[in-house]
Amino acid sequence: MAEQQVSIKDFLRKREAAQRELNFAGFNSPFIIREISNDENEKLQNQATIVKINRGQKVRDLNQQKYTETLLVSSVVQPDLNTAELQKYYGTLGDPAGTLKKMLSMGELNQLANAVTDLSGLNDSMDDEVQDVKN
């Protein structure tokens, strides 16, 4: 069987970050979230990683809470969580993650986190693995 020659141009594409609107009760406008790129995700992980020296070895420890908070804040396009007026209203000056926590209930924050992972396609692979285990 002869192999068909494939052009490298077949694999060149301009990637646009996906966005999604989320409506939460009590807000007049929807939250808008965006997909996080692999490069951005790596930077967020590095920001949330602490390097320790243990018996002469460097050990990287990911602070999962800090990573999740920075991931969510980076994903939210609207409202702008860095706006001083919004932070002042919620009493969280200089703390966009704190602003988000004050704005949303635990359930809403969980819904937001699920939407962010769905938008990035992370839940698809987990759902597939769950289905594989069930079968």
Side-chain angles (χ1 to χ4, degrees):
M1 178 181 255
E3 288 186 39
Q4 184 179 1
Q5 190 66 12
V6 177
S7 170
I8 195 67
K9 291 180 182 180
D10 292 345
F11 299 97
L12 302 178
R13 70 174 174 171
K14 185 170 182 168
R15 212 89 167 86
E16 302 231 357
Q19 290 193 345
R20 182 182 297 166
E21 289 186 2
L22 294 171
N23 291 297
F24 295 109
F27 297 106
N28 294 330
S29 295
F31 278 59
I32 298 175
I33 59 171
R34 68 179 179 90
E35 176 184 23
I36 297 295
S37 71
N38 288 319
D39 288 342
E40 289 174 290
N41 187 55
E42 190 173 308
K43 287 176 186 173
L44 295 174
Q45 286 177 338
N46 286 337
Q47 289 173 3
T49 299
I50 299 167
V51 178
K52 298 177 185 176
I53 305 295
N54 186 8
R55 298 182 187 169
Q57 297 285 328
K58 284 186 181 181
V59 179
R60 296 172 51 88
D61 185 29
L62 178 67
N63 180 332
Q64 191 64 46
Q65 181 176 346
K66 182 176 179 181
Y67 168 69
T68 301
E69 288 175 356
T70 57
L71 176 65
L72 293 179
V73 167
S74 296
S75 297
V76 174
V77 175
Q78 177 182 293
D80 181 353
L81 298 171
N82 292 302
T83 303
E85 181 180 359
L86 192 63
Q87 291 178 357
K88 185 176 179 182
Y89 178 83
Y90 287 102
T92 57
L93 287 173
D95 183 10
T99 304
L100 191 58
K101 289 183 199 176
K102 291 270 186 160
M103 292 177 77
L104 301 175
S105 68
M106 279 179 50
E108 291 168 334
L109 201 54
N110 190 44
Q111 186 180 349
L112 177 70
N114 285 335
V116 167
T117 56
D118 283 345
L119 196 58
S120 300
L122 297 175
N123 280 350
D124 292 342
S125 61
M126 288 300 292
D127 291 343
D128 291 343
E129 288 178 29
V130 169
Q131 286 303 321
D132 289 344
V133 170
K134 286 182 179 179
N135 295 330

Any side-chain heavy atom of D95 sitting closer than 4.5 Å to one from Y90?
no

So do I33 and Q19 actually touch side chain to side chain, heavy atoms under 4.5 Å?
no

Those residues that, when tested against [X], pass side chain to side chain donor-acceptor pair (under 3.5 Å) (two or more places apart):
{"X": "Q47", "result": "none"}
{"X": "N46", "result": "R60"}
{"X": "K43", "result": "none"}

What are the two closest non-hydrogen atoms of [X] and [Y], and how far apart are they?
{"X": "N23", "Y": "P30", "value": "OD1-CB, 3.2 Å"}
{"X": "S29", "Y": "Q78", "value": "CB-NE2, 3.9 Å"}
{"X": "L119", "Y": "A18", "value": "CD2-O, 3.6 Å"}
{"X": "A84", "Y": "L93", "value": "O-CD2, 4.0 Å"}
{"X": "E40", "Y": "E35", "value": "OE1-O, 4.4 Å"}
{"X": "L72", "Y": "A113", "value": "CD2-CA, 3.6 Å"}

Name the residue from D118, V77, V116, I32 that meets the side chain to side chain contact (heavy atoms under 4.5 Å, CB included) definition with R20.
D118

If I take atom [atom1] from residue [X] and atom [atom2] from residue [Y], how far apart are they, to the nearest 0.5 angstrom?
{"X": "Q45", "Y": "Q64", "atom1": "CD", "atom2": "CD", "result": "8.5 Å"}
{"X": "L109", "Y": "M103", "atom1": "CG", "atom2": "CE", "result": "11.0 Å"}
{"X": "K102", "Y": "L81", "atom1": "NZ", "atom2": "CG", "result": "14.5 Å"}
{"X": "E108", "Y": "F31", "atom1": "CD", "atom2": "CZ", "result": "7.5 Å"}
{"X": "Q57", "Y": "K52", "atom1": "CD", "atom2": "NZ", "result": "15.5 Å"}
{"X": "T70", "Y": "N41", "atom1": "OG1", "atom2": "CG", "result": "9.0 Å"}

Are N82 and Q87 close enough, and set up right, to give a side chain to side chain contact (heavy atoms under 4.5 Å, CB included), and what steps lead you there?
CA-CA 7 Å; N82 292 302; Q87 291 178 357; 4.3 Å; yes

Could you please spell out the steps behind the side chain to side chain contact (heavy atoms under 4.5 Å, CB included) verdict for F27 and L104?
CA-CA 10 Å; F27 297 106; L104 301 175; 3.9 Å; yes

Could you tell me whether N38 atom CG has more than 12 heavy atoms of other residues or ligands within 6.0 Å of it?
no

Is there a donor-acceptor contact under 3.5 Å from the side chain of S74 to the main chain of L71?
no

